[in-house]
Novice: 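Pasting a structure here, questions to come.
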There are 2 protein chains.
Amino acid sequence: MNLQASSDLSERMAAFENSCRKASLKVTHQRLEIYRELAQAYDHPSAEVLYRRIIKRLPTISLDTVYRTLATLNRHGLISRVQTGESQARYEVERFSHHHAVCRECGAMTDFIWTSFDETQVPATMSGWGEIIKKNVVLEGTCCTCSGKDSGTIFHMPLS
Amino acid sequence: MNLQASSDLSERMAAFENSCRKASLKVTHQRLEIYRELAQAYDHPSAEVLYRRIIKRLPTISLDTVYRTLATLNRHGLISRVQTGESQARYEVERFSHHHAVCRECGAMTDFIWTSFDETQVPATMSGWGEIIKKNVVLEGTCCTCSGKDSGTIFHMPLS
DNA sequence: ATGGGTGCAAACCATTTGCATAGGA
DNA sequence: TCCTATGCAAATGGTTTGCACCCAT
């Protein structure tokens with residue numbers, strides 16, 4: 001999953017600052033830390049999980065700010081809220097087009113790439129629906145770790 | 001969208017009763033009415049929306065029972081909880097394999113069939129993930145009604 | 001300087017739960 | 001009869017909001 005080396009984090013942070021300015025969002029210390037943490041996370045963390053990680057470096061931040069910032073960044077398209085059946089909303093920085101597989105047992109969410117799907121057209125019956133912004137696949141099932149048949153071929157990141 | 005005539009509703013209710021017995025769930029008046037209402041709904045209603053519809057026929061039913069019943073039926077696979085980014089969970093009776101297009105403006109959820117997608121295999125990288133139970137496409141965007149370019153080719157059912 | 005952003009605490013609201021009763025098996 | 005399901009009400013928990021202060025622009 002580590003398709004990007006951590007060395008380009010500063011590059012991504014710079015891009016984030018630019019995006020903020022373009023959207024006339026103030027570049028605050030809190031927003032930088034929230035984005036940095038999410039950009040480094042590969043487990044689609046919830047607001048609360050993110051908060052627990054950030055508070056170690058930024059002890060004065062409040063959970064409210066994390067909620068508000070995630071909502072703001074999502075509204076501006078800088079991050080994505082991920083659809084899940086769980087009670088807590090989860091977020092990610094979209095590094096490239098990908099899809100999700102969610103385990104019904106443990107909630108682990110695995111990214112995967114499916115280029116040939118990305119290139120297909122939606123069926124003709126949907127051509128009149130409207131403007132399609134995202135086209136994603138969601139797999140649901142039981143991951144190998146939970147079914148006890150872990151083959152070790154898929155990387156799992158625990159949800160802290 | 002009305003692929004099934006209402007005349008087969010009694011048939012579906014009978015099948016539902018059988019499924020309940022098979023799962024050793026008691027066939028109560030409330031469960032029958034909740035299922036009947038959901039089986040006739042084409043707008044993926046939330047628990048509350050469903051409750052407001054059912055109470056007209058069954059004035060003594062409580063919202064809790066609707067919540068509890070939806071959770072129970074979902075757990076047994078008799079109905080499906082639909083993934084959405086909204087705060088309220090929405091449900092449906094799966095009549096046949098289909099996918100969803102969700103309008104970011106009005107929340108309308110449109111079903112569509114995509115047989116060729118249903119027949120495709122997931123990418124080889126996911127073969128080791130685990131047991132896949134569902135494989136669904138979610139489209140997000142702006143429906144024609146909201147963008148003001150309604151062509152009238154897609155049927156929209158308002159919520160509530 | 002000034003308007004958006006933050007922290008705090010209180011409010012909100014969808015959903016869940018404890019408990020006594022009612023009704024299906 | 002026995003145990004599950006229901007109704008009521010209170011609790012829960014993720015998320016949002018009002019308000020005063022602070023800080024990036």
Side-chain angles (χ1 to χ4, degrees), chain A residues 13-14 16-35 37 44-52 54-55 57-76 78-79 81-91 107 159-160, chain B residues 13 16-37 44-52 54-55 57-76 78-79 81-91 107 159-160:
Chain A
M13 292 308 297
F16 172 68
E17 288 197 33
N18 283 336
S19 304
C20 282
R21 283 188 237 282
K22 231 179 287 177
S24 54
L25 293 175
K26 292 189 177 171
V27 179
T28 65
H29 194 35
Q30 290 89 334
R31 283 179 176 166
L32 287 171
E33 290 307 314
I34 290 169
Y35 187 86
E37 196 65 51
H44 314 79
S46 63
E48 187 137 15
V49 168
L50 215 42
Y51 169 69
R52 287 204 295 270
I54 295 166
I55 206 170
R57 270 183 288 128
L58 197 62
T60 59
I61 200 171
S62 73
L63 178 55
D64 321 69
T65 300
V66 177
Y67 272 109
R68 251 188 287 233
T69 302
L70 291 173
T72 304
L73 299 185
N74 180 55
R75 195 171 341 109
H76 287 83
L78 300 181
I79 66 173
R81 184 183 212 132
V82 182
Q83 313 274 33
T84 108
E86 299 158 299
S87 57
Q88 293 192 138
R90 289 165 69 168
Y91 295 86
L159 235 198
S160 152
Chain B
M13 292 308 298
F16 172 69
E17 286 197 36
N18 282 336
S19 305
C20 282
R21 283 188 236 283
K22 231 179 286 177
S24 52
L25 293 175
K26 293 189 177 171
V27 179
T28 65
H29 195 34
Q30 291 89 335
R31 283 179 177 165
L32 286 171
E33 291 306 313
I34 290 169
Y35 187 86
R36 187 197 316 281
E37 196 64 51
H44 314 80
S46 64
E48 187 137 12
V49 168
L50 216 42
Y51 169 69
R52 287 203 296 269
I54 295 166
I55 205 170
R57 269 184 289 127
L58 198 61
T60 58
I61 201 172
S62 73
L63 178 56
D64 322 69
T65 301
V66 177
Y67 272 109
R68 251 187 288 230
T69 301
L70 291 173
T72 304
L73 299 185
N74 181 55
R75 196 173 338 108
H76 287 83
L78 300 181
I79 65 173
R81 186 184 209 129
V82 182
Q83 313 273 34
T84 108
E86 298 159 298
S87 58
Q88 293 192 137
R90 290 165 68 170
Y91 295 84
L159 240 197
S160 145

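Every chain is numbered from 1 and lettered A, B, ... according to where its sequence line falls, protein lines coming before strand lines.
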Novice: Would you mind reading off the distance between A:D64 atom CG and C:dG4 atom P, rounded to a whole angstrom?
Specialist: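 Rounded to whole Å, this separation is 20 Å.
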Novice: Would you indicate, yes or no, if D:dC23 has its OP1 or OP2 atom less than 4.0 angstrom from a side-chain nitrogen or oxygen of A:Q30?
Specialist: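 So the side-chain polar atoms of A:Q30 never come under 4.0 Å of the phosphate oxygens OP1 or OP2 of D:dC23.
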Novice: So does A:Y67 get a side-chain nitrogen or oxygen closer than 4.0 Å to the phosphate oxygens (OP1/OP2) of D:dT16?
Specialist: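 No, because none of the side-chain N or O atoms of A:Y67 sits under 4.0 Å from OP1 or OP2 of D:dT16.
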Novice: Just verifying a value: how many Å separate B:F16 CZ and B:R36 CZ, rounded to the nearest 0.5 Å?
Specialist: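 The CZ atom of B:R36 is 10.0 Å from CZ of B:F16, to the nearest 0.5 Å.
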Novice: How close do A:A23 and A:H76 get, counting heavy atoms only, and between which atoms?
Specialist: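 For A:A23 and A:H76, the tightest heavy-atom pair comes out as CB-CD2, 3.6 Å.
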Novice: If only side-chain N and O atoms of B:S62 are considered, is one of them under 4.0 Å from the OP1 or OP2 phosphate oxygen of D:dG7?
Specialist: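 So the side-chain polar atoms of B:S62 do come within 4.0 Å of the phosphate oxygens OP1 or OP2 of D:dG7, strictly under.
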Novice: Return the minimal non-hydrogen interatomic distance between A:L78 and A:Y35, and the atom names on each side.
Specialist: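 Result for this residue pair: O-CE1, 3.9 Å.
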Novice: Round to a whole Å and report the spacing from CG of A:L25 to C1' of C:dG4.
Specialist: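 Taking atom C1' of C:dG4 as the reference, CG of A:L25 is at 10 Å.
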Novice: OP1 or OP2 of D:dG7 less than 4.0 angstrom from a side-chain nitrogen or oxygen of B:T65, does that happen here?
Specialist: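 For D:dG7, OP1/OP2 do have a side-chain N/O of B:T65 under 4.0 Å.
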Novice: Taking the nucleotide of DNA chain C with the nearest heavy atom to each, does B:A89 or B:R21 sit closer to the 5' end?
Specialist: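 The 5'-side residue here is B:A89.
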Novice: Have a look at A:T72 and say if it touches a base, only the backbone sugar-phosphate, or nothing, with a 4.0 Å heavy-atom cut-off.
Specialist: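 Counting heavy atoms under 4.0 Å across all strands, no contact is made by A:T72.
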Novice: Record whether the side chain of B:K26 comes under 3.5 Å of the base of D:dC3 through a donor-acceptor pair of N or O atoms.
Specialist: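 Check passes, donor-acceptor contact within cut-off.
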Novice: Heavy atoms under 4.0 Å, any strand shown: does A:A71 hit a base, just sugar-phosphate, or nothing?
Specialist: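 Contact class for A:A71: none.
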Novice: Closer than 4.0 Å, any side-chain N/O of A:S87 to the OP1 or OP2 of D:dG13?
Specialist: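 Checking A:S87 against D:dG13: no side-chain N or O falls below 4.0 Å of OP1 or OP2.
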Novice: Please identify which of these residues, A:L58, A:I61, A:T28, meets the side-chain contact (heavy atoms from CB on, under 4.5 Å) condition with A:I34.
Specialist: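 Looking at A:L58, A:I61, A:T28, the match for A:I34 under the side-chain contact (heavy atoms from CB on, under 4.5 Å) is A:I61.
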Novice: How long is the straight-line distance from CZ of A:R68 back to CG of A:L63, given to the nearest 0.5 Å?
Specialist: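 A:L63 atom CG to A:R68 atom CZ measures 10.5 Å (nearest 0.5 Å).
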Novice: Which listed nucleotide (D:dG7, D:dT25, C:dG7) is nearest to the side chain of B:I61?
Specialist: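 Given the options D:dG7, D:dT25, C:dG7, the side chain of B:I61 is closest to D:dG7.
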Novice: Whole angstrom is fine here: how far is it from CG in B:L63 over to P in C:dT17?
Specialist: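 Atom-to-atom, B:L63 to C:dT17, this comes out as 15 Å.
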Novice: D:dA24 phosphate, OP1 or OP2: any side-chain N/O from A:R31 under 4.0 angstrom?
Specialist: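 Answer is no, no contact under 4.0 Å.
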Novice: Please give, in whole Å, the distance from C:dT6 C1' to A:I54 CD1?
Specialist: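 In whole Å, C:dT6 C1' lies 14 Å from A:I54 CD1.
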Novice: Within the modelled atom types, does a donor on one side and an acceptor on the other bring the side chain of B:R68 and the base of D:dG7 under 3.5 Å apart?
Specialist: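 Looking at the base of D:dG7, it does pair with a donor or acceptor on the side chain of B:R68 (distance under 3.5 Å).
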Novice: Students often get this wrong, so: under 4.0 angstrom with heavy atoms, is B:S24 touching a base, only sugar-phosphate, or nothing?
Specialist: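 The answer is nothing, as B:S24 stays clear of every strand by at least 4.0 Å.
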Novice: So if I take every side-chain heavy atom of B:T28 and compare against C:dG7, D:dT6, C:dT15, which nucleotide ends up nearest?
Specialist: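 Out of C:dG7, D:dT6, C:dT15, the nucleotide with an atom closest to B:T28's side chain is D:dT6.
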